[in-house]
Visitor: 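Below is the structure I would like to discuss, written out as structure tokens.
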There are 2 protein chains.
Amino acid sequence: MRGLSFDGKLSYRTDLLEPRPDKDSALVRVSMAGICATDMEITKGYMGFKGVPGHEFCGVVEACENDGLVGRRVVGEINVGCGKCKWCRDKAQNHCPERKTLGIMGKDGAFAEFLTLPLKNLHPLPDSITDEEAVFVEPLAAVYEILEQVKINEYKKVCVLGDGRLGLLCAQVLALTDCVLVAVGRHEDKLALLKKLGINARVGSNGLERDFDVVVDCAGSPEGFSEALALVKPRGTIVVKTTAAGKGALSLNSVVIDEITVIGSRCGPFKPAIDALAGRKVDVRPLISAVYPLEEGVEAFKRAGESGVVKVLVRV
Amino acid sequence: MRGLSFDGKLSYRTDLLEPRPDKDSALVRVSMAGICATDMEITKGYMGFKGVPGHEFCGVVEACENDGLVGRRVVGEINVGCGKCKWCRDKAQNHCPERKTLGIMGKDGAFAEFLTLPLKNLHPLPDSITDEEAVFVEPLAAVYEILEQVKINEYKKVCVLGDGRLGLLCAQVLALTDCVLVAVGRHEDKLALLKKLGINARVGSNGLERDFDVVVDCAGSPEGFSEALALVKPRGTIVVKTTAAGKGALSLNSVVIDEITVIGSRCGPFKPAIDALAGRKVDVRPLISAVYPLEEGVEAFKRAGESGVVKVLVRV
């Protein structure tokens with residue numbers, strides 16, 4: 001089959017082996033996939049992953065043992081647990097120590113004609129969500145994870161740091177709560193997308209007081225965490241959403257002195273993400289900078305790393 | 001007056017100015033003071049502090065406007081807020097942005113004949129607590145802060161990392177709860193103090209499973225945090241108790257991937273600490289390695305940094 005493959009270098013290939021689903025899994029024909037910061041990091045060596053990257057997708061079930069699902073448009077949760085350990089039994093396969101993660105760890109991903117996922121990972125899509133929009137379900141679910149972890153209400157002053165793909169989604173979702181929200185980024189053009197939605201967005205944090213109850217770090221760099229520390233109030237909470245390939249010089253002294261709570265946040269619940277898109281509460285369309293065909297996927301990755309670009313999609 | 005002073009170098013002096021209390025403060029004649037890891041860091045440049053270090057002490061009130069307190073043996077909370085800001089109004093002067101901290105930030109400390117503290121910072125001591133024991137009230141209060149921040153019960157598996165001064169106190173306090181406790185250190189002789197109390201203590205974490213609900217990092221080094229990450233289970237909690245002068249190469253990736261909560265923890269409530277000592281629930285006497293007279297205070301600091309030494313006290 002056709003697809004993108006990373007083996008130290010990302011390339012487009014036409015000779016990839018089609019994956020075979022086991023009896024609890026489905027074969028999914030990918031329609032559209034999105035390039036995420038994690039994918040970019042993977043092409044720099046993050047996680048030591050080799051194979052087909054990609055974990056944000058929508059597609060159509062091509063084959064599986066559940067006839068009702070064949071032909072359905074779906075999105076899919078990306079973690080595949082062992083099914084036996086206590087994490088899997090507790091419905092927390094996201095944290096199964098033996099898990100595979102689509103296009104990130106031990107399992108080929110979405111930048112190819114076909115992928116496989118367990119049936120229980122799949123979520124059928126309502127017709128009102130287009131393929132382009134559906135690609136955002138996975139990152140949007142990751143944003144909804146924040147609301148599972150931290151109580152956000154009208155008494156909370158919240159800052160979202162970062163105007164990349166994830167930061168712009170975070171700001172939109174947090175704006176749906178009653179919190180006092182400030183989005184801080186570095187790019188006027190990206191922040192303009194938030195301002196259009198009535199969100200208080202600004203370039204840089206200079207002049208902001210150190211009185212945020214919650215800072216969501218979507219900056220994707222070690223510097224982001226330092227900036228978060230400069231904005232969060234004592235006894236406040238920093239939610240760290242993004243991983244980075246390198247290690248930065250980081251001191252936890254101010255975490256201790258100011259008794260900050262730092263919460264790591266990764267994959268999240270698909271249902272509220274699908275509902276938000278279906279209900280038009282979140283508008284992801286302005287975030288799409290470009291759509292490339294699969295055979296130009298390497299080019300698409302390059303484009304995704306360019307200044308001013310938000311989300312690049314790949315049509316399979 | 002006599003005392004120790006740090007101005008890039010720690011020295012014993014006899015010409016220090018006696019501090020003068022304002023009308024809401026007391027003049028306290030220090031009886032005994034303890035050397036803490038923070039004091040050692042201060043003599044390496046931490047916080048840029050200059051003056052009389054020391055924040056763990058007990059003493060006798062020499063003069064103040066409250067006659068009932070004069071002549072009483074006291075210990076004292078070390079943070080002095082501005083008294084006006086919202087933090088101070090909310091009884092959280094520990095986090096007042098304008099605060100001074102005894103012997104750490106903007107205020108001369110306890111390694112001298114006299115210190116001053118606001119009356120509201122002082123806690124009279126019961127006779128059953130000796131001067132030597134009373135010096136441990138402040139660090140013990142910092143340990144009790146953990147129980148204010150994290151719910152510890154019989155369903156929790158807890159690891160205390162570090163067998164220094166604070167680690168040994170943490171292990172003792174956590175052993176009073178119903179949690180499953182493992183103390184991990186590097187020194188057989190120090191861990192033996194815990195074993196005598198029936199606490200499960202061991203050298204190194206090799207072979208321990210990554211399944212602790214809570215890891216309390218008292219290691220006092222950037223490596224401690226990495227070790228904590230290797231022991232805490234996904235969605236678990238790391239409580240960071242110690243500060244360090246340097247910055248380490250640290251990645252927050254596994255905090256994100258495993259959705260770890262990191263909680264910084266500093267000063268705590270004095271009342272449970274005093275009660276624990278008075279009720280003989282915690283025994284700090286075996287932790288006292290040596291007691292030096294004030295004029296040998298520089299020597300005492302050297303001794304506190306030596307291998308095998310737990311707590312060094314200075315009699316004033």
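Order of the sequence lines fixes the chain letters, A, B, ..., with proteins taken first and strands second; residue numbering starts at 1 for each chain.
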Visitor: Under 4.5 Å from any heavy atom of chain B, what part of Met105(A) do you find: side chain, backbone, both or neither?
Guide: neither

Visitor: Compute the centroid of each ring, for Phe6(B) and then for Phe301(B), and state whether the two points are separated by less than 6.0 Å.
Guide: no

Visitor: Who among Asp258(A), Asn94(A), Val239(A) has the most heavy-atom pairs with chain B under 4.5 Å?
Guide: Asp258(A)

Visitor: Looking at Arg266(A) and Glu259(B), is there a salt bridge between them, counting it only when a charged N and a carboxylate O are closer than 4.0 Å?
Guide: no

Visitor: Check this for me: Arg210(B), atom CZ, are more than 12 non-hydrogen atoms of other residues, nucleotides or ligands nearer than 6.0 Å?
Guide: yes

Visitor: Of the backbone (N, CA, C, O) and the side chain (C-beta and beyond), which part of Ile260(A) lies under 4.5 Å from a heavy atom of chain B, both, or neither?
Guide: backbone

Visitor: Checking side chain to side chain contact (heavy atoms under 4.5 Å, CB included) between Phe212(A) and each of Val160(A), Ile238(A), Val182(A), Val158(A), which is the one that passes?
Guide: Val182(A)

Visitor: Among Ile257(B), Thr237(B), Thr261(B), which residue forms the greatest number of heavy-atom pairs with chain A at distances under 4.5 Å?
Guide: Ile257(B)

